[in-house]
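Reading through the structure tokens given below for one structure.
The sequence lines fix the lettering, A, B, ..., with proteins before strands; numbering per chain opens at 1.
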Amino acid sequence: MADFESIVLNSTIEAIKILYNSDVSPEVVQLQETRTEFEGDFTLVVFPFVKISKKNPELTANEIGNYLVQNCEVVEKFNVIKGFLNLSVKQTNWLKFIRNLSANETFGLQDPNSSGSKVMIEYSSPNTNKPLHLGHVRNNLLGYSLSKILQANGHEVIKVNLVNDRGIHICKSMLAWKKWGEGITPEKAGKKGDHLVGDFYVKFDLEYKKQIKALLEQGISQEEAEKKAPLIIEAQEMLQKWEAHDESVTSLWKMMNGWVYEGFSETYKKMGVDFDRIYYESETYLLGKALVQKGLEKGVLYQRPDSSVWIDLTKDGLDEKLLLRSDGTSVYMTQDLGTAAQRFEEYNMQELIYVVGNEQNYHFQVLSLVMDKLGFSWAKNLKHMSYGMVELPSGKMKSREGTVVDADDLVDEMVNTAREMSKELGKLDEYSPEQTEEIVRMIGLAALKYFILKVDPKKNMLFDPKESIDFNGNTGPFVQYSYARIQSIFRKAADQNIKMSDVQESTAVSVDKEKSLIRMLYKFPAVVADAGKNLSPAVIANYVYDLSKEFNQFYHDCPILKEENSEVRNLRLHLSEHTGKVIKKSMNLLGIDVPERM
RNA sequence: GGUUCCGUAGCUCAGUUGGAUAGAGCAACAGCCUUCUAAGCUGUGGGUCCCGCGUUCGAAUCGCGGCGGAAUCACCA
């Protein structure tokens with residue numbers, strides 16, 4: 001079924017050809033939704049055509065309007081306000097649209113892999129020296145939701161995670177555990193492994209600072225003290241041993257990383273995110289050196305006297321960038337060059353999207369440029385899905401000041417709040433503890449996820465704990481509540497033995513709220529496409545909120561089961577059903593579950 | 001200093017090929033449960049869309065110049 005806009009658009013082009021003997025391209029035709037305060041469904045902006053018609057806007061609009069009513073099969077009537085031609089789609093077309101929905105379970109979603117495009121999306125990418133925090137939460141939720149949105153747009157999606165499991169920061173935790181851990185394990189401590197390891201990272205920093213302070217008191221400069229402190233030297237030695245595959249260091253590393261992985265997978269599971277493939281930096285950090293060699297041979301890169309390798313990007317408005325240290329070891333960029341090449345070779349995808357914070361905008365600009373200069377055709381298909389930082393009312397999160405919001409704690413708190421709130425409202429009194437727990441989990445998580453995803457990803461956002469646990473208004477629980485209400489209607493309908501039948505095209509759509517709900521549902525496919533194009537879960541979140549609000553108004557204004565006219569009742573049941581389905585699909589695209597009751 | 005991003009109601013945010021009188025939520029106040037879940041609905045108040053200039057029939061949206069904020073510019077990742 002062609003959508004109404006394209007039908008109207010084609011007819012408009014035709015109208016202008018016939019009325020004014022002029023050819024206009026589709027881009028010139030501005031068709032938008034009619035604002036609610038005016039009558040109509042779609043509005044044609046006629047200003048662009050007055051030059052062609054050589055008549056004033058009102059007259060032009062009337063002429064086009066008349067033509068469309070007579071010649072466009074979906075246009076019923078029109079009105080003109082200023083230069084705006086408001087068009088009403090025939091009611092039978094809307095009813096047909098609703099009727100077709102019943103036979104279209106995948107409404108709004110493209111068939112899996114139908115676009116012929118394969119996309120790899122990298123997200124999460126944690127360090128294994130401390131637990132996940134609020135910043136990672138935004139990353140994980142965005143990455144997971146985007147993968148769903150891209151799938152809904154018909155792309156084949158490969159979700160990958162690149163775990164940073166090696167490096168000096170990992171050695172710091174390891175060293176601290178060795179020195180002060182007294183053989184403690186997550187079991188003995190009764191603590192998640194990632195949190196335990198994080199404690200030792202903090203411990204290292206604490207002791208390191210003490211040593212620096214002591215050195216400063218001996219009159220050594222800050223810079224030198226940071227380099228000379230025995231702890232950091234030990235950590236560096238440990239890193240060298242690790243790179244040399246020293247047995248004792250490796251086994252310690254494996255053990256502690258194992259703890260962290262276990263902790264992470266618990267957190268991932270709790271948040272409901274997953275991956276198709278996990279890469280480890282310990283296995284990829286040496287990649288990229290061969291590419292650098294090739295770049296040197298091609299003359300794209302150059303070597304300095306100290307034998308470090310650089311690329312000059314000053315002509316591209318950037319700086320010179322180091323790709324290999326003077327001792328021949330890799331930097332972060334080198335590895336990223338290598339892994340990108342490896343991935344394109346292995347998966348042959350069209351695009352690689354990195355979900356990484358905007359503090360690395362420069363890095364990804366360089367990455368893509370370097371790849372381009374090295375001659376990889378897909379360099380322009382490396383996309384950085386850059387998102388803004390999460391700030392707290394007190395400002396930025398600082399681990400030193402203990403203001404980091406831990407991911408596990410955060411989820412637990414949201415769930416606890418949901419539990420208290422449900423108890424207070426007496427919502428779940430009749431359910432078993434297990435059922436209650438499941439629903440309460442869903443609500444708490446929805447509050448958190450929706451709160452984060454509703455904000456445009458590229459913007460920095462403020463995470464106010466007080467606001468995040470609000471379950472009223474523009475929130476996840478509000479959307480869930482709307483869904484639960486709908487399910488309740490159908491439970492009642494079953495009790496009363498009310499059956500649904502096909503929507504009759506003769507049904508009167510007499511209430512505004514019915515009409516606006518239909519229009520809202522109609523928009524869904526365009527919203528999914530928009531979210532995919534702009535890589536923005538926020539587009540979905542804002543839509544599903546508007547849809548839910550619209551439904552609640554409809555629910556308030558219109559009796560459904562109690563409606564006596566059976567045709568109207570039937571229509572309202574269909575509208576409720578399809579609203580429920582679209583809410584569920586939308587929330588699914590956000591990685592949020594919806595409860596049958598709450 | 002260079003580059004990039006941001007600035008909309010008291011607060012948090014929508015508003016994307018330039019379109020009509022700039023919208024929600026929270027907070028405040030006032031209403032609505034003997035009728036399908038009140039985690040809901042309705043109403044009131046609240047705006048120099050950071051400022052200025054320009055392009056245009058028309059600018060929150062585009063361009064230029066300011067002001068304010070953030071990120072980044074490591075032989076860190």
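- Among the heavy atoms of the strands, none lies under 4.0 Å from D316(A).
- Distance L318(A) CG to rU3(B) C1': 8 Å, rounded to the nearest Å.
- Stacking here means ring centres nearer than 5.5 Å and ring planes tilted less than 30 degrees, and by that measure F47(A) stacks onto rG19(B).
- Relative orientation of the W242(A) and Y285(A) rings is tilted, given thresholds of 30° and 60° on the angle between their planes.
- With a glycosidic angle no further than 90° from 0, rC33(B) counts as syn.
- L324(A) comes within contact range of no nucleotide atom at all, as no heavy-atom separation falls under 4.0 Å.
- Straight-line distance between the P atoms of rG1(B) and rC57(B): roughly 39 Å, to the nearest whole Å.
- Each of E438(A), E437(A), E424(A), E413(A) was evaluated against R419(A); a single residue qualifies, E437(A), per the salt bridge (Lys or Arg N to Asp or Glu O under 4.0 Å) test.
- Checking the phosphate oxygens (OP1, OP2) of rA39(B), no side-chain nitrogen or oxygen of R419(A) falls inside 4.0 Å.
- Sequence neighbours left out, the pairs with a member in residues 523-540 of chain A that pass salt bridge (charged side-chain N to carboxylate O under 4.0 Å, His left out) are E33(A)-K523(A).
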Between the protein and nucleotides 61-63 of chain B, list the N/O to N/O atom pairs that are separated by less than 3.5 angstrom.
none

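- Straight-line distance from the CG atom of N460(A) to the P atom of rU12(B): 12 Å, rounded to whole Å.
- Between rG2(B) and rU8(B), the two C1' atoms lie 29 Å apart (nearest whole Å).
- In this structure, Y279(A) places its OH atom 21 Å from P of rA77(B), rounding to the nearest Å.
- Proximity of F84(A) to R35(A): side-chain heavy atoms (C-beta onward) are nowhere separated by under 4.5 Å.
- The two atoms that bring E226(A) and Y208(A) nearest to each other are O-OH, 2.6 Å, heavy atoms only.
- Nucleotides rA9(B) and rU44(B) place their C1' atoms 15 Å apart, quoted to the nearest Å.
- Side-chain contact between I540(A) and I149(A): present, with at least one pair of heavy atoms (C-beta onward) separated by less than 4.5 Å.
- Remark: the T43(A) side chain and the rA20(B) base include a donor-acceptor N/O pair separated by less than 3.5 Å.
- Within the structure, a side-chain polar atom (N or O) of N472(A) is placed less than 4.0 Å from OP1 or OP2 of rG40(B).
- The CG atom of L462(A) sits 15 Å away from the C1' atom of rG25(B) (whole-angstrom rounding).
- Counting all heavy atoms, side chain and backbone alike, T403(A) lies closest to L392(A) at O-CD1, 3.1 Å.
- In terms of polar N and O atoms assigned as donor or acceptor, the side chain of D470(A) never comes within less than 3.5 Å of the base of rA27(B) in a complementary pairing.
- In this structure, M598(A) reaches the bases: a heavy-atom distance under 4.0 Å links it to at least one base atom across the strands shown.
- Proximity of K427(A) to the phosphate of rA38(B): no side-chain N or O atom is located under 4.0 Å from OP1 or OP2.
- The number of heavy-atom neighbours closer than 6.0 Å to CD of E564(A), taken from other residues, nucleotides and ligands shown, is 12 or below.
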Between the protein and nucleotides 34-36 of chain B, list the N/O to N/O atom pairs that are separated by less than 3.5 angstrom.
{"unit_1": "rU35(B)", "atom_1": "O2'", "unit_2": "K562(A)", "atom_2": "NZ", "d": "3.0"}
{"unit_1": "rC36(B)", "atom_1": "O3'", "unit_2": "K492(A)", "atom_2": "NZ", "d": "3.3"}
{"unit_1": "rC36(B)", "atom_1": "O2", "unit_2": "L561(A)", "atom_2": "N", "d": "3.0"}
{"unit_1": "rC36(B)", "atom_1": "N3", "unit_2": "I560(A)", "atom_2": "N", "d": "3.0"}
{"unit_1": "rC36(B)", "atom_1": "N4", "unit_2": "Y555(A)", "atom_2": "O", "d": "2.5"}
{"unit_1": "rC36(B)", "atom_1": "N4", "unit_2": "C558(A)", "atom_2": "O", "d": "2.5"}

Below 3.5 Å between N/O atoms, which protein atoms pair up with nucleotides 14-17 of chain B? Just atom names and distances, please.
{"unit_1": "rA14(B)", "atom_1": "OP1", "unit_2": "D456(A)", "atom_2": "N", "d": "2.6"}
{"unit_1": "rA14(B)", "atom_1": "OP2", "unit_2": "K459(A)", "atom_2": "NZ", "d": "2.9"}

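- Side-chain N/O atoms of R35(A) include none lying less than 4.0 angstrom from OP1 or OP2 on rA22(B).
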Validation: residues 451-460 of chain A side-chain donor-acceptor distances under 3.5 Å, sequence neighbours left out:
{"unit_1": "K454(A)", "atom_1": "NZ", "unit_2": "N474(A)", "atom_2": "O", "d": "3.1"}
{"unit_1": "D456(A)", "atom_1": "OD1", "unit_2": "K458(A)", "atom_2": "N", "d": "3.3"}
{"unit_1": "D456(A)", "atom_1": "OD2", "unit_2": "K458(A)", "atom_2": "NZ", "d": "3.3"}
{"unit_1": "N460(A)", "atom_1": "OD1", "unit_2": "M389(A)", "atom_2": "N", "d": "2.9"}

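- Side chains of N552(A) and S482(A): a donor-acceptor N/O pair is present below 3.5 angstrom, by distance only.
- For the C1' atoms, the distance linking rC53(B) with rA14(B) amounts to 29 Å, nearest Å.
- Taking atom C1' on both nucleotides, rG63(B) is separated from rU56(B) by 12 Å, rounded to a whole Å.
- Using a 4.5 Å heavy-atom cutoff, the side chains of M442(A) and P595(A) are in contact.
- Contact between the side-chain N/O atoms of Q553(A) and the OP1/OP2 oxygens of rU42(B) is found at a separation under 4.0 Å.
- N552(A) comes within contact range of the sugar-phosphate backbone alone, with a heavy-atom separation under 4.0 Å but no base atom that close.
- Contact annotation: the side chain of L589(A) approaches that of V528(A) to within less than 4.5 Å [non-hydrogen atoms, C-beta and beyond].
- Scanning for side chain to side chain contact (heavy atoms under 4.5 Å, CB included) contacts around T436(A) gives L428(A), Y431(A), V440(A), with sequence neighbours left out.
- A distance of about 24 Å separates the P atoms of rC13(B) and rC29(B), rounded to the whole Å.
- In this structure, a donor-acceptor pair under 3.5 Å is present between the side chains of T128(A) and N257(A).
- Across all strands shown, Q335(A) has no heavy atoms under 4.0 Å from either base or sugar-phosphate atoms.
- Spacing of C1' atoms, rU61(B) relative to rU55(B), comes out at 14 Å, to the nearest Å.
- For S422(A) and rA39(B), a side-chain-to-base donor-acceptor distance below 3.5 Å is present, hydrogens and geometry of angles not being considered.
- Taking the P atoms as reference points, rC64(B) lies 12 Å from rU3(B), given to the whole Å.
- Looking at heavy-atom distances under 4.0 Å, Y481(A) makes contact with a base.
- Y362(A) has no side-chain polar atom (N or O) that falls below the 4.0 Å cut-off from OP1 or OP2 of rU72(B).
- Residue F38(A) is in base contact, counting any heavy-atom pair closer than 4.0 Å across all strands shown.
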